[in-house]
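Have a look at the structure below, then the notes.
All ligand and atom numbering here is 1-based and tracks the order in the structure.
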Amino acid sequence: MEHRADIAIIGAGFGGSLMAMVARRLGRSVMLIERGTHPRFAIGESTTPLANLLLQQLAEEYDLPQLLPFRRWGEWQREHSGIGCGLKRGFSFFHHTLGQAFSDDEQRSRQLLVAASPRDEVADTHWFRADFDQHLVNEAQRLGVEYFEQTELTNFDEQPAGVTLGGRRNGGSVRFHAGFVIDATGPRGWLHRTLGLAKRELPMMPATSGLFAHFNNVGAWPSAVGAPYPVEDAAVHHVFDGGWVWILKFNNGITSAGVGATRQRADELGLAKGEAGWQRLLAKLPSLAKQFIGAELVGGFVFTPELSFCSGQITGARWALLPSSAGFVDPLLSSGFPLTLLGIQRLANLLDGGIDLADYERRTLAELDQVSRLVGALYASMGDFELFTALTQIYFAALSYSETAHRLGKPELAESFLLRDHPEFGPATRGICESVVRLAKRKEVLAKVRKTIEPFNVAGLADPAKRNWYPVNIDDLFSTAAKLNSSESEIREMLLREQLL
Ligand SMILES: Cc1cc2nc3c(=O)[nH]c(=O)nc-3n(C[C@H](O)[C@H](O)[C@H](O)COP(=O)(O)OP(=O)(O)OC[C@H]3O[C@@H](n4cnc5c(N)ncnc54)[C@H](O)[C@@H]3O)c2cc1C
């Protein structure tokens, strides 16, 4: 069978399907080629305010109103209650010493709660990917995308006139001819392997492994009276020296849980052994283990020996890797979705002639490097929660500043992820991360973090009086309006427009 279109997209995860929908709206004919079938398990579930804003921007810019309900918990529940998702009001962190029960003090020095939204209605979500990705692939087809599942590609042939992809489908051979190919098959994906591309080092990132699964009947982590939000309506992170566990609860009874750990810690725990490794980990985290007493595994465990990856080349004359195929650092900062969505925006811009491939490659790699430095520094400080907490403030300051700048219609204030290209913030935060990994004096590092984020701190972060609990406080935005080159009335208008008041 021979098929022909302007664009071939390989991989029908949310990234491939969204890219396909946007390309259709740009008037291109699109083939979407998937190795497996939907619904299927996929990891990568937790959104952030920036990811949801980027989703909203794609919906608005490319006339895709069907995506809008997915940007917020409330709309999603009303319009797509059959598509599983979780409520995410914020980011919860608890610091554990291996082998000991979790305990805290008056200063709440072993926890950090950062609210991302003031109420459930406008809150972020965790995507139950089996449902969500299947829905998106159906939506893509409704827009005229030609979808080919259970297709095993084997050949890539690039000629001046276009690319031919060869493979097998329904027991026969199949060929796809396209002017441009986008690979959305994930890290170490199809094009990277087929073209034999080199790997690229991610700066300052230690080798880490991951082990994860879905469960039913996971118990509750104790709630805290007066907390900025119910602590489990969040991406919950349990941090320990050398690693961290995530817990994400969905509204269909399923909980996603997993661990990321340095190679050394993963080997000590025997994470490669799957369930036995998980049980060994829980035995060292007795307070967390209580949550899993009645838990039942759904499907199996997945072990990833090496989480981080970066391809040495991410574009060619007639092809590009989505950021999610170009590289991956570690899920600690939920950076996968925003980077993927930024990549889709940029590739759409590229198809429109707005930017070129070199620009796309430069920005994608630079942002992966920025995430890598920060996550590397966070791993280096997992045994020292005060330092870890200070470093997270870089992430939260950049995130809240960027989100607000975009919502105010001032994208020029925050064009790159984590403010990577900002002339002061970018180099200063890179310097801080390097000094953490070089084990510089922690007091100086703590002071430098506070000084660096101050001009971008629009969320009342890094305030010792708050004892590590950061609710959304709208007054913070009014009092810091000048940092966003804005007046109080501009802030008020934006908050009303976004239903945040
Ligand atoms: C453990 C872990 C946890 C994560 N948690 C988060 C998180 O909480 N938040 C966040 O923002 N990001 C997270 N990420 C990153 C996130 O998973 C990715 O950003 C996201 O999945 C990218 O989506 P995608 O659709 O581009 O790719 P994928 O979800 O990887 O989908 C790839 C698709 O391509 C298909 N495919 C693969 N090979 C082929 C082939 N040869 N031919 C055709 N099709 C193929 C696959 O079947 C699949 O459908 C996490 C990643 C990991 C590893």
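Near Trp190, with a cut-off below 4.0 Å to any heavy atom, the atoms of ligand 1 are 41 (N). Interface atoms of ligand 1 facing Phe328, defined by a heavy-atom separation under 4.0 Å, are 14 (N), 15 (C), 50 (C), 51 (C), 52 (C), 53 (C). Against a heavy-atom cut-off of under 4.0 Å, Ile10 is close to the following atoms of ligand 1: 42 (N), 43 (C). For ligand 1 and Thr340, the ligand atoms under 4.0 Å from any heavy atom of the residue are 19 (O). Within ligand 1, counting atoms from 1 as listed, the ones closer than 4.0 Å to a heavy atom of Trp246 are 1 (C). Taking a cut-off of under 4.0 Å to the non-hydrogen atoms of Pro331, the atoms of ligand 1 that pass are 1 (C), 2 (C), 3 (C), 4 (C), 5 (N). Residue-ligand proximity, Glu45 to ligand 1, at heavy-atom distances under 4.0 Å covers atoms 6 (C), 7 (C), 8 (O). Taking a cut-off of under 4.0 Å to the non-hydrogen atoms of Ser324, the atoms of ligand 1 that pass are 22 (C), 24 (P), 26 (O).
For the residue pair Ile43 and Arg129, the shortest heavy atom distance occurs at O-NH1, 3.1 Å. Across every non-hydrogen atom of Glu232 and Gly219, the tightest pair is OE2-O, 4.0 Å. Of all non-hydrogen atoms in Ala234 and Tyr229, the two that sit nearest each other are CB-CE1, 3.6 Å.
For Phe301, the ring pair (Phe, Tyr, Trp, His ring centres under 6.0 Å) test picks out Phe215, Trp278, with sequence neighbours left out. Evaluation of the ring pair (Phe, Tyr, Trp, His ring centres under 6.0 Å) rule for Tyr470 yields no partner, not counting sequence neighbours.
Judged by distance alone, the side chain of Glu403 and the main-chain N or O of Leu50 form no donor-acceptor pair under 3.5 Å. Under the 3.5 Å distance criterion, the side-chain polar atoms of Ser17 are left unmatched by any main-chain donor or acceptor of Phe14.
Summary of contacts: the protein heavy atom closest to atom 28 (P) of ligand 1 is Arg129 NH2, 4.0 Å. Annotation: atom 23 (O) of ligand 1 to nearest protein heavy atom, Phe14 CE2, 3.2 Å. At the top of the distance list for atom 11 (O) of ligand 1, counting protein heavy atoms only, stands Phe337 N, 2.7 Å. In this structure, atom 38 (N) of ligand 1 lies nearest to the protein heavy atom Arg35 CZ, 3.3 Å. In terms of protein heavy-atom proximity, atom 47 (O) of ligand 1 is closest to Glu34 OE2, 2.6 Å. Atom 34 (O) of ligand 1 has as its closest protein heavy atom Gly11 CA, 3.2 Å. Nearest protein heavy-atom neighbour of atom 6 (C) of ligand 1: Gly44 CA, 3.4 Å. Considering only non-hydrogen protein atoms, atom 31 (O) of ligand 1 sits nearest to Gly13 CA, 3.8 Å.
The heavy atom nearest to atom 7 (C) of ligand 1, out of those in Gly16, Ala235, Ser46, is found in Ser46. Considering only non-hydrogen atoms, atom 45 (C) of ligand 1 lies nearest to Thr185 out of Leu211, Thr185, Thr37, Thr47.
Of all the heavy atoms of Thr304, none lies under 4.0 Å from any atom of ligand 1, so neither backbone nor side chain is involved.
Remark: distances from the non-hydrogen atoms of Leu153 to ligand 1 are all 4.0 Å or more. Under a 4.0 Å heavy-atom criterion, Arg40 is in contact with ligand 1. Using a 4.0 Å heavy-atom cutoff, Ala184 is listed among the residues neighbouring ligand 1.
The side-chain heavy atoms of Pro65 and Asp63, taken from C-beta on, include a pair separated by under 4.5 Å. Proximity of Leu307 to Ser209: side-chain heavy atoms (C-beta onward) are nowhere separated by under 4.5 Å. No side-chain heavy atom of Val259 sits less than 4.5 Å from a side-chain heavy atom of Phe212.
Classified by interplanar angle (parallel below 30°, tilted 30° to 60°, perpendicular above 60°), the ring pair Trp246/Trp244 is tilted.
Side-chain atoms of Asp120 and Gln77 form no donor-acceptor pair, as typed in the model, at a separation below 3.5 Å.
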- Item | His237/Phe94 under ring-ring contact (aromatic ring centres under 6.0 Å, His included): CA gap, chis, key distance, verdict | CA-CA 6 Å; His237 307 68; Phe94 300 97; 9.6 Å; no

